[in-house]
Structures are given as structure tokens and as C-alpha cells.
Novice: 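Here it is, the structure in full.
Chain letters run A, B, ... following the sequence lines, proteins first and then strands; every chain starts at 1.
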Amino acid sequence: MQLRRNCDTKAEQRKAMPELPEVETVRRGLEPALVGARVVGVEQRRPDLRFPFPERFAERLAGRLIKALRRRAKYLLADLDSAEVLVMHLGMSGSFRVEESARPSNRGSHDHVAFDLSTGTRVTYNDPRRFGFMQLIAGADLAAHPLFATIGLEPLGDELDGAALARRFANKRTSLKAALLDQSLIAGLGNIYVCEALHRAGLSPLRAASSLAGKTGAPNARAHGLAGAIRDVVAEAIAAGGSSLRDHRRPDGRLGYFQHAFRVYDREGTPCPCCGARVRRIVQGGRSTFYCPRCQK
DNA sequence: AGTTGCACCTGGCTGC
DNA sequence: TGCAGCCAGGTGCAAC
């Protein structure tokens with residue numbers, strides 16, 4: 001099954017970071033395989049990823065029923081019948097592969113964990129850069145856990161609107177770009193979707209985060225526009241199957257490929273699709289920012 | 001306290 | 001052709 005099509009831009013060939021839409025796509029792909037299944041075996045091939053695996057990781061998972069698979073920000077949360085939650089983060093290059101246990105493909109050099117399920121399915125986690133990690137956390141402690149206690153608004157659903165955005169960004173001295181990347185303000189956005197949302201909203205990444213509210217603190221048109229742009233960009237990417245490109249496979253084992261063109265991300269020097277001006281690349285906080293200097297003010 | 005910058009890690013690309 | 005060196009990025013933590 002080959003889903004790769006011709007790639008025409010550098011971005012499509014090269015970039016594939018699991019931001020919220022990609023993680024949600026992975027969740028939806030893994031859900032049918034995991035939920036309702038029991039873990040019958042865990043093959044853990046190294047002691048750590050970004051962080052060490054939890055103590056007695058395989059032992060604590062063995063025999064457990066997976067009751068649900070949720071997502072919070074960029075985290076996948078598998079609810080177990082032991083009242084623990086398996087928390088998984090894909091880092092920058094993590095991916096899952098689903099196949100039959102009886103006929104597993106050759107072990108990849110970066111296959112770090114494999115879960116064998118009661119259904120005869122094997123789910124393998126692969127992560128070349130090992131920026132991902134897994135944790136086991138008691139369900140009752142999840143909300144207060146340091147990983148989740150300070151996480152910001154979900155861009156999906158109805159909690160993110162202009163007022164919430166303006167409130168969160170009020171008094172921030174930093175740039176819109178940096179504020180949008182801050183997971184404690186808005187959850188799940190990474191470099192790609194921040195660039196895209198700002199372009200869509202027509203706002204400069206250099207603009208002060210605090211400029212989304214008027215003197216009274218009320219959200220202005222920029223706040224409403226940006227909130228809408230974030231929701232739209234994320235929803236469209238999920239609908240398109242996540243912008244999962246080369247080093248990010250969909251959990252069914254296929255290359256996650258889809259029709260999705262970034263308007264500015266990694267398109268330095270190419271014409272802005274809105275006005276034709278050349279897309280500019282700058283560095284903010286050590287990260288590339290791509291934007292249109294004419295459309296985005 | 002709020003903000004900035006670096007380390008972690010590896011594959012892929014660029015330039016010699 | 002081969003190889004060294006740089007770049008990408010999410011997160012946590014150290015340093016201003």
C-alpha cells in the first residue's frame with residue numbers, strides 16, 4: 001500500500017512534526033486497535049527514551065485492559081483497568097505501527113517498545129530521535145501531575161475564543177509567536193501551526209502578545225480573528241489526516257499522507273498565496289518563523 | 001516572576 | 001564519492 005505522492009515543496013518532503021493534529025490523527029488510528037484489548041505482553045528494548053521508562057513498566061501493563069484512548073495537548077492517554085494511565089508523548093519523531101502479532105514486520109532499528117494485545121495485534125512504537133517518552137500515572141493524580149497541571153486551552157472544542165485568548169495573553173511582554181508556542185497558554189500548537197495560524201489571521205509573529213486586548217482588557221478584532229484562525233488551521237489539519245509526512249507514519253502502518261499545503265511554513269522566498277510577496281524567515285527564540293511581511297501586520 | 005536560551009537526539013541535507 | 005558540520009523541533013530546566 002503506497003500512499004506517497006509526488007512532493008513538490010521542501011516542506012512536504014522534509015517536515016513532519018507531531019503537533020496536536022498529528023497526535024489526534026494517531027489517536028484515532030490507534031483507538032480501534034487498543035480500546036477493549038488487553039495487553040498480554042510488552043517488549044521493551046531499551047531502558048529509556050527521552051526519560052527512563054517507568055519502573056516495572058512491562059509488569060504494570062501486563063494483563064491490563066485498555067478502557068479508553070484520549071488526547072490532551074500533544075499527549076496520548078490510555079486509561080487502564082488498573083486505574084493507571086499510560087501517558088505517551090511522540091516527541092518529534094515518534095510513531096506507532098499496528099500489525100498482527102503473528103506476522104510482525106522486521107524490527108526497525110528505532111523500534112523501542114512493542115505491545116502485544118489479546119486481539120492478536122501488535123502495536124510498535126518507533127522513535128528515531130527519542131524525544132518521545134512514556135509514563136504511568138495514577139488516574140486520580142493525572143490532573144495534578146506536573147505534566148498536566150499547567151497545560152493551557154485546547155484549541156479544539158469551545159473553550160478557545162477571542163476573549164479567552166486575550167485574557168491569557170494580557171500583560172505578556174513576549175511576542176505572539178512565543179506566546180502561541182507556550183503550552184501553558186494554548187495547548188498543542190507547535191512551530192508549524194503557529195506560523196500558519198498567524199498567517200491566516202494576518203498578524204505579525206513579532207507583534208506583542210498583549211496587543212490582543214484593548215485598554216479595558218476586552219478582546220479586540222485581532223483576538224477574535226486569531227482564535228478563529230487557530231481553530232480552523234487545527235481542524236483542517238485533522239480533517240486532512242494530520243500533516244504526517246515522511247518520518248511520521250499513521251498508526252495503521254501506512255505513510256500518513258494527505259493533501260495539505262502549508263501557506264508559509266518552510267516556504268521562505270516563495271510567493272505568499274494571498275498577496276504574492278515573498279515569504280520571509282526570521283528566528284525567534286532560536287526557532288524559525290515564516291511569515292508574509294505584507295499580509296501580516 | 002516572567003522570559004530567554006540551551007540541551008537532548010538523530011536523519012537528512014549542504015558544502016567542501 | 002565521502003565526510004564533517006549544521007539544522008530541525010517539544011519540552012524541561014538553568015540562567016538571566
Side-chain angles (χ1 to χ4, degrees), chain A residues 4 7 9-26 45-53 71-77 87-95 108-113 125-135 137 145-152 154-155 167-197 205-211 234 237 242-249 255 262 264-269 279 281-290:
Chain A
R4 186 193 289 266
C7 303
T9 72
K10 207 169 85 171
E12 284 172 304
Q13 289 169 20
R14 204 149 61 76
K15 294 302 185 296
M17 301 305 158
E19 300 185 24
L20 188 153
E22 288 73 25
V23 177
E24 178 60 24
T25 300
V26 169
R45 294 172 186 154
R46 54 175 302 125
D48 57 13
L49 293 172
R50 179 170 184 201
F51 306 119
F53 279 97
R71 180 194 56 74
R72 174 77 172 103
K74 299 171 192 168
Y75 295 91
L76 287 170
L77 308 173
V87 175
M88 298 173 280
H89 195 291
L90 301 175
M92 294 180 53
S93 60
S95 63
S109 58
H110 301 292
D111 288 349
H112 304 307
V113 196
Y125 179 71
N126 179 285
D127 188 355
R129 296 180 205 180
R130 301 207 304 272
F131 272 40
F133 59 91
M134 297 191 185
Q135 289 278 316
I137 300 172
H145 191 279
L147 288 177
F148 299 101
T150 60
I151 280 188
E154 279 285 330
R167 199 162 50 241
R168 295 236 164 192
F169 284 18
N171 305 319
K172 293 282 175 222
R173 307 174 81 95
T174 192
S175 65
L176 268 183
K177 169 76 189 298
L180 288 170
L181 278 176
D182 186 338
Q183 301 298 298
S184 71
L185 299 173
I186 310 290
L189 298 183
N191 207 30
I192 295 172
Y193 293 105
V194 167
C195 291
E196 293 297 307
L206 298 162
R207 169 180 282 282
S210 56
S211 67
V234 168
S243 57
S244 312
L245 309 176
R246 186 157 69 192
D247 65 345
H248 190 72
R249 288 163 195 281
L255 196 65
F262 298 126
V264 288
Y265 182 76
D266 205 20
R267 299 184 65 90
E268 181 182 15
V279 172
R281 173 183 175 273
I282 58 174
V283 175
Q284 291 178 286
R287 299 285 187 251
S288 290
T289 297
F290 299 90

Novice: Nearest to the side chain of A:P128, which nucleotide is it out of C:dT11, B:dT10, C:dG9?
Specialist: B:dT10
Novice: For A:R46, which contact category applies under a 4.0 Å heavy-atom criterion: base, sugar-phosphate, or nothing?
Specialist: nothing
Novice: C:dG10, C:dT11, C:dA8: which one has an atom nearest the side-chain heavy atoms of A:F131?
Specialist: C:dG10
Novice: Are any non-hydrogen side-chain atoms of A:L77 and A:F148 less than 4.5 angstrom apart?
Specialist: yes
Novice: In whole angstrom, give the distance that lies between atom CG of A:L189 and atom P of C:dG9.
Specialist: 14 Å
Novice: For a quick check of understanding: with a heavy-atom distance under 4.0 Å over all strands, which category does A:G190 fall into, base, sugar-phosphate or nothing?
Specialist: sugar-phosphate
Novice: OP1 or OP2 of B:dC9 sitting under 4.0 Å from any side-chain N/O of A:H110?
Specialist: no
Novice: Can a side-chain donor-acceptor contact be found between A:D127 and A:S93 if the only test is distance below 3.5 angstrom?
Specialist: yes
Novice: Can you measure A:D182 atom CG to C:dT11 atom C1' for me and round it to whole angstrom units?
Specialist: 11 Å
Novice: Starting from P on B:dC8, measure out to CG on A:D127 and report it in whole angstrom.
Specialist: 17 Å
Novice: State whether A:S288 places a side-chain N or O below 4.0 Å from either non-bridging phosphate oxygen (OP1 or OP2) of C:dA8.
Specialist: yes
Novice: When the distance from CZ of A:F262 to C1' of C:dG9 is rounded to whole Å, what number comes out?
Specialist: 13 Å
Novice: Would you call the rings of A:Y75 and A:H89 parallel, tilted or perpendicular, where under 30° means parallel and over 60° means perpendicular?
Specialist: perpendicular
Novice: Under a 3.5 Å cut-off for both contacts, is C:dG5 paired Watson-Crick or G-U wobble with anything, and if yes, with which nucleotide?
Specialist: B:dC13
Novice: Does a salt bridge link A:E22 with A:K74, judged by any charged N lying under 4.0 Å from a carboxylate O?
Specialist: no
Novice: So what does A:L147 hit on the nucleic acid, given a heavy-atom distance under 4.0 Å: a base, only sugar-phosphate, or nothing?
Specialist: sugar-phosphate
Novice: Using whole Å, report how far CG of A:L49 lies from C1' of B:dA7.
Specialist: 17 Å
Novice: Indicate, with a heavy-atom threshold strictly under 4.0 Å, whether A:R50 touches base, sugar-phosphate, or nothing.
Specialist: base
